[in-house]
Amino acid sequence: MSSPSIVWLRDDLRLADNPALRAAIDRDEPVIVLYVLDEESPGIRPLGGAARWWLHHSLTSLGERLAERGARLVLRRGPADRVVKETVTDAAAGAVFWNRRYGGPEREVDAALKAALREDGVEVSSFAGSVLFEPWTVKTGAGTHFSVFTPFWRACLGLPAPRAPLPEPREIAGVRHPIPSDELADWGLLPTDPDWAGGLREAWEPGEPAGRRRLREFLAHDLDGYGRARDEPSAGATSLLSPRLRWGEVSPFTVWHEAVEQGRGARFLSELGWREFAWHTLFHSPDLATTNLRREFDAFPWPRLNPAQLDAWQRGRTGVALVDAGMHELWETGYMHNRVRMVAASFLVKNLLVDWRRGEQWFWDTLVDADAANNPFNWQWVAGSGADAAPYFRIFNPDLQAKKFDADGHYVRRWAPEHLSDEPPEPIVDLGETRKAALAAYDVVKRAPRG
Ligand code: FAD
């Protein structure tokens, strides 16, 4: 009688450098690879539309690659604690392996499941696969966690280097009698009516092989110019690895080691550091997407929402060129360049005085890299309420940002050409006036007790 091993994949949709998969293979029993679409466990945030699109295609690619190696991807839907237990029973599995998650509700699910399965005599092991440094390993001299990036990253770099990535398995012994699985198509992850994903299909090829290719191309051709050109949205100078890292198609350990091998990747690696910092911040503040990290921002006097202005921002009809271009890029491709994300977010929060949580939710719905840590962390950074945040009073002027980072107008020409016509759209607000209003609102925060 065999006692199969279950690998429960979550945000780690890859075969290479997957410690949970490796442990299951090393156990020398048939392997079942399980993915659970969990939209029911308390507190788990439902995926946005662009994320669902990516997930569908990434799972398709993963299923094919597993089949080529002898294993099958089992898909099930429902609250993870119930579904994983049912799968263990159906398969008469003897062990379950997974790579750890760091969000609050996810940790609760995983901890309870680990305890329950062990009580039933099932072996359970979890591994570090999604961050280079686990949150409890990075501490200040006083034993607390960091709230400023530079000392945080210095402390990380002082720790033992991240482990070497694990090789991709060539063969995986699957179970003889396949256990029931949902059909991916029945999950309805793809948009149908209307099908808005045409631009996403053009821009991206989800899945591990395309992710690994992109990493190699970036390191071979773009790493040298990264520091110089990363802020220019039309330069194509950044890695475009964010959805790969979000879905775990490429492991941060692989990115780290391959970049270090180049011997000149420190600037790029520090961006991975920001990703680590965001995840550590989420670990220590699980309600990062809903609650100001700096609680004095709770006193911010957000005016009543003007739905027409929010709509104009979402649709890229603000009349401000760089903001409109960014919002069009986002809608079309599920991605926006980092510099433009900062400018578009700042415009919403500071010129339109819309609560950062509304912008965060829109990005959550429309980004293919929508990330439970990076997204709220960066929104709070822009709003001034976050960890090591941009000071509130430093308000981006989107026109000056465009002059500086899109001097030849390539980016605006590509994504919002109407701004370069003879009759460009008028801005929906006056940048100078709204800047003054934002600073006046911020005065209230300055007077509030520090949180
Ligand atoms: P590169 O410049 O090549 O960077 C390499 C990797 O480092 C990225 O793939 C990403 O994983 C990480 N990284 C880079 N910048 C940051 C950062 N500021 N914070 C955290 N990690 C970073 N990034 C997401 O992955 N998901 C999000 O949901 C997300 N939302 C954002 C919202 C706002 C308002 C802002 C200002 C930024 C947001 N970012 C988010 C961070 C950043 O914009 C993207 O990671 C970056 O643009 C992705 O492009 P790239 O992979 O080419 O980046």
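Ligands are counted one by one from 1 in listed order, and the atoms in each one are counted from 1 as well.
Polar contact with ligand 1: present for Y226 (N/O pair, distance under 3.5 Å). Taking any N or O of L240, backbone or side chain, at least one lies under 3.5 Å from an N or O belonging to ligand 1. Not a single N or O atom of W379, backbone or side chain, sits closer than 3.5 Å to an N or O atom of ligand 1. An N or O contact shorter than 3.5 Å links N374 to ligand 1 by distance. For ligand 1, the polar-atom distance check finds an N/O of L241 within less than 3.5 Å of one of the ligand's N/O atoms.
For atom 13 (N) of ligand 1, the candidate residues are M336, R246, E271, R341; the nearest heavy-atom contact is made by E271. Comparing heavy-atom distances from atom 27 (C) of ligand 1 across N378, V382, D369 singles out D369 as nearest. Of all the listed residues (L348, T238, N338), T238 holds the heavy atom that lies closest to atom 52 (O) of ligand 1. Comparing A370, S346, S242 by heavy-atom distance to atom 8 (C) of ligand 1, the nearest is S242.
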Expected list for residues 272-279: side-chain donor-acceptor pairs under 3.5 angstrom, two or more places apart:
| from | atom 1 | to | atom 2 | distance (Å) |
| --- | --- | --- | --- | --- |
| R275 | NH1 | S130 | O | 3.0 |
| R275 | NH2 | S130 | O | 3.1 |
| E276 | OE1 | L132 | N | 3.1 |
| E276 | OE1 | F133 | N | 3.0 |
| E276 | OE2 | L132 | N | 2.8 |
| W279 | NE1 | D371 | OD1 | 3.3 |

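A salt bridge is defined here as a Lys NZ or Arg NE, NH1 or NH2 lying under 4.0 Å from an Asp or Glu carboxylate O, and R230 with E271 meets this definition. For R414 and E332, the salt-bridge test fails: no basic side-chain N is under 4.0 Å from an acidic carboxylate O. With respect to D443 and K446, a salt bridge is recorded, a charged nitrogen being found less than 4.0 Å from a carboxylate O. A salt bridge does not link R358 to D355: none of the charged nitrogens lies less than 4.0 Å from a carboxylate oxygen. The pair E249-R214 fails the salt-bridge criterion, with no side-chain N (NZ, NE, NH1 or NH2) lying under 4.0 Å from an Asp/Glu carboxylate O. One finds no salt bridge joining R317 and E418 here, because no Lys/Arg side-chain nitrogen approaches an Asp/Glu carboxylate oxygen to under 4.0 Å.
A donor-acceptor contact closer than 3.5 angstrom is absent between the side chains of T281 and S285.
Evaluation of the side-chain hydrogen bond (donor to acceptor under 3.5 Å, both in side chains) test over residues 232-241, restricted to residues two or more places apart or in two chains, returns none.
When each atom of ligand 1 is checked for a heavy atom of L245 under 4.0 Å away, the hits are 9 (O), 11 (O). Heavy-atom proximity to L272, at under 4.0 Å, picks out these atoms of ligand 1: 7 (O). Under a 4.0 Å criterion applied to the non-hydrogen atoms of R275, ligand 1 contributes the atoms 11 (O), 20 (C), 21 (N). Each of the atoms 1 (P), 3 (O), 5 (C), 50 (P), 51 (O), 52 (O) of ligand 1 lies under 4.0 Å from some heavy atom of S239. Residue-ligand proximity, W274 to ligand 1, at heavy-atom distances under 4.0 Å covers atoms 17 (C), 19 (N), 20 (C), 21 (N).
Geometric assessment of R341 against the ring of Y335 yields a positive cation-pi assignment under the 6.0 Å and 45° thresholds.
Of all protein heavy atoms, the one closest to atom 49 (O) of ligand 1 is Y335 OH, 2.8 Å. For atom 32 (C) of ligand 1, the closest non-hydrogen atom on the protein side is N375 OD1, 3.4 Å. Annotation: atom 5 (C) of ligand 1 to nearest protein heavy atom, F268 CE1, 3.5 Å.
Y35 and W187 have tilted rings, their planes meeting at an angle from 30° to 60° on a 0 to 90° scale.
The closest approach between a heavy atom of R230 and any atom of ligand 1 is not below 4.0 Å.
Using a 4.0 Å cut-off between heavy atoms, W364 makes no contact with ligand 1 at all.
V250 approaches L245 most closely through the heavy-atom pair O-CD2, 3.7 Å.
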